[in-house]
Amino acid sequence: MSDTQPENLPATSAAGDAQTPAAEVVDQRQGMFGVRGTGDTSGFGGLRRQVALPGGTPKPYGSWYDGATDRLEGLVGDGAIEKVVVDRNELTLHIARERLVEVAKHLRDDEGLRFEFCSGVSGVHYPNETGRELHAVYHLLSMTHNRRIRVEVSCPDADPHIPSIVSIYPANDWHERETWDFFGIIFDGHPALTRIQMPDDWPGHPQRKDYPLGGIDVEYKGAVIPPPDTRRSYN
Amino acid sequence: MGVEEQLPAGVLLTTIEGLSGYMRKASLWPATFGLACCAIEMMTTGAPRYDAARFGMEVFRASPRQADLMIVAGRVSQKMAPVVRQIYDQMANPKWVLAMGVCASSGGMFNNYAIVQGVDHVVPVDMYLPGCPPRPEMLLDAFLKLHDDIQHGKLGAHKKALQTEREEAALTAAPTIEMKGLLR
Amino acid sequence: MTTTDPYATTRDTTEGKVFTVTGQDWDSVVAGLGEEPEERVVVNMGPQHPSTHGVLRLILELDGETVTEARCGIGYLHTGIEKNMEFRSWTQGVTFCTRMDYLSPFYNEAAYCLAVERLLGIEDQIPEKANLMRVLLMELNRISSHLVCIATGGMEIGALTVMTIGFREREMTLDLFELITGLRMNHAFIRPGGVAQDLPPGALDKIREYITWMNKHLPEYAELCNANPIFKARLENVGYLDLAGCMALGISGPPLRATGYGHDLRKTQPYCGYETYDFDVPVWDTADSYGRFRIRLQEMHESLKIVEQCADRLAKLEGEPVMVADKKIGWPSQLAVGTDGMGNSLDHIKHIMGESMEALIHHFKLVTEGFRVPAGQAYVAIESPRGELGCHLVSDGGTKPYRAHFRDPSFANLQAMPIMCEGGQVADVIVAVASLDPVMGGVDR
């Protein structure tokens, strides 16, 4: 097994073949305990691990996914759906951000899709996936057809704008504010994009990976335990 | 303050201290300051099984102006800290603060950007009660210890002397991290 | 007349004069208002308030007693739990997420563990007894959570007896929790792969006693409140939110079922074996606070039915494992309090020290490093007492979650507060918020 083989993926391979999705490498991890340089005498420092998320699945996807994606593609045309991932019995559509509002509208209104319930936005920050650092993940539920879908939109750090879908799913109001608060993703068209969890004048966006956990040392008699993000930990 | 603060030190003051301590502890009114999980345990302490009314404390006053004891029950976030201070300042003397739970005492398991690491960064605390959350019996024990403290509290000149003594001791005391050689 | 109180001054802001009212100074307030009689009054029901169900800030614009605009300020309990979980192993994450919605800790744990198990791909390897215990604990938690909702709701409208009897029943439930998990609240008992410990001896008898007790006492709430004219006058047609409003705002749980739409994830997308239990989903059709109250009462009865079925099934599964069989994932030991007061499992220690080197290695690796979860993401939603509680987990193939996000039902449901309260009276705001049953730990996380 070569060093660049992505590990820990259920039944996939980096090259991808007819059955399995090609993995999408988002990060590189080095070493084991976070120790770098000459301090590491264990030899674990030579470990290299690629972080590879499940990549795009080739058609056919199985179960109801094909019908739904075909229907959506028919409604929005080309260029909207960047990638379809079927992993662990969940369907994820990666959507180009300019087409998000259109896609959301069709997902909600078309009778075959009818995803009426938006569970909210979740932000994820991949600092080393250049050009697509910030992801906004929407989970939709169709109560009519009793199925779930995930819509994922990415934007670069340099231009962290994603159109807001509050006009289609008003439920997303506070969720988008929270994602702005924690990640800095600006949702264009949101009625009032302000901080919601942190104090109104808080600098920075706490749940980004480059924001420290912010803990203090715990002091004992003559000893100190550093906060968890500065301790050695398994990579 | 009251006339009891003006009395000269001596036997009279000591008797008055005993009496006023008893009065104060017997009907200490807590302010409703429940924040998180500890608030639920605080409510159950006021509820029938662990009745805090036995100790004169079931009257949870909503207005801090009428309360004697602020039980900070739960984690104090950065956003909430100014509110804690404001409520504390609005309470009338004599007032006490009980930090209930590890989050109020020291930040608890949440050693991060969002939680004040111990409400004693914001208000002076008279009693720390660890636990996550502390059982109602533990809270009652804290109440009783606090009552004991209040019973033996000093007034007027005695109080000033005690405070001066404590301040001297605190200024010369070694911080925890300097007390080396004790870690077992 | 005190004018030196730093909190009782008036100040001018861009929005106009701001008065901080502390008592005995109404003259100054009225005098100040007299200049501009048309101006609106914005009242802050601040984070510290006995009736706002936790640290919720309600900003109300009043016209007399009518609320013309209402807004919520949240974030006063924000703990950064989601970010904290990124620095702890998958099993340690349970202790963090359990403290989010502190009135239904088992639901937080269950949503998280189900998501971890989906990422691990061991969803169908969870032992039956573990699933049974999960359902048992979750339904007991539903009862205790609804009791707190009813109790605090009653207290907030002034019915203090409802509070005392609510907490009395809740104590019986907490006794059961203590017997089974060791703690009254924030248990960290449901772990990825199963549950932490087997049922202690005597637990089933206690559960049956509990069922008898609750069957006797739960009807008390109905007798006290259902037909009570004051209760009905305060709750009926208050906090009205019909189906269209609920669907637009993403409301789930009792407020949605009060509109007549019986959407319950335990029935539509069952997990942990819920499809094998016999229970109903109570639905009401008035879409107001009274309907939500009636639904919660009935849900407690239904939960009791499920608890009884769980107890019957558990009686047949003595000695079955409660953790997944895969030794690289399943938490190794079953602790018990020994004669010296320390938690230990002497059998387990004998096994790992004397009999099996592999077991020792597994124990060590599991406790220090934790297991590794293959990269990917998963979203699992369960039906918590407040609505749909979802857990979105992203794994990077490591020992810690890369991103854990919880879609908390209280956070989503609280968005409905303005629409329910605007146009009503101030007192109805309290009732409406109480009927949504937001738990600020879940709202702020």
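Predicted model, so just to flag it, every value in this text is computed and none were measured. The chains referred to below are lettered A, B, ... by the order of the sequence lines, with proteins before strands, and numbering in each begins at 1.
- Residue contact with chain C, scored on non-hydrogen atoms closer than 4.5 Å, involves the backbone and the side chain of B/C132 alike.
- If you measure heavy-atom distances from C/I74 to chain B, the contacts under 4.5 Å come from the backbone alone.
- Residues B/R49 and C/M172 form a side-chain contact, since some pair of their non-hydrogen atoms from C-beta on lies under 4.5 Å apart.
- Contact of B/Y50 with chain C is made through the side chain alone, with heavy-atom distances under 4.5 Å.
- Using a 4.5 Å cut-off between heavy atoms, B/F110 contacts chain C through both its backbone and its side chain.
- Contacts between C/F96 and chain B at a heavy-atom distance below 4.5 Å involve backbone atoms as well as side-chain atoms.
- Going from atom CD1 of B/I40 over to atom CG of C/N186 covers 10.0 Å, rounded to the nearest 0.5 Å.
- Counting heavy atoms of neighbouring residues, nucleotides and ligands inside a 6.0 Å radius, atom CZ of B/R166 does not exceed 12 of them.
- Note: C/R184 leads C/H78, C/R170, C/R184 in heavy-atom pairs under 4.5 Å with chain B.
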Kindly determine whether B/S77 and C/L77 satisfy side chain to side chain contact (heavy atoms under 4.5 Å, CB included), including the steps that lead there. CA-CA 6 Å; B/S77 70; C/L77 204 53; 5.7 Å; no
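- Most heavy-atom pairs under 4.5 Å with chain B: of the set C/M163, C/E178, C/K83, C/R168, this distinction falls to C/E178.
- Counting heavy-atom pairs closer than 4.5 Å to chain C, the top-ranked of the candidates B/A114, B/P64, B/S63 is B/A114.
- Around CD of B/E167, the count of heavy atoms belonging to other residues, nucleotides or ligands within 6.0 Å does not exceed 12.
- With a 4.5 Å cut-off on non-hydrogen atoms, C/T152 touches chain B through its side chain but not through its backbone.
- Between B/R75 and C/D444 no salt bridge is recorded (no basic side-chain N to carboxylate O distance below 4.0 Å).
- Contacts of B/L35 with chain C are made by both backbone and side-chain atoms, with heavy-atom separations under 4.5 Å.
- Residues C/F167 and B/M43 come closest through the heavy atom pair CZ-CB, 3.8 Å.
- Taken from CG in B/N112 to CD1 in C/I81, the straight-line distance is 9.0 Å, to the nearest 0.5 Å.
- Heavy-atom minimum distance, B/C37 versus C/R99: SG-O, 4.4 Å.
- The contact between C/L103 and chain B is made entirely by side chain atoms (from C-beta outward), counting heavy-atom distances below 4.5 Å.
- Proximity to chain C (any heavy atom under 4.5 Å) is shown, for B/A36, by both the backbone and the side chain.
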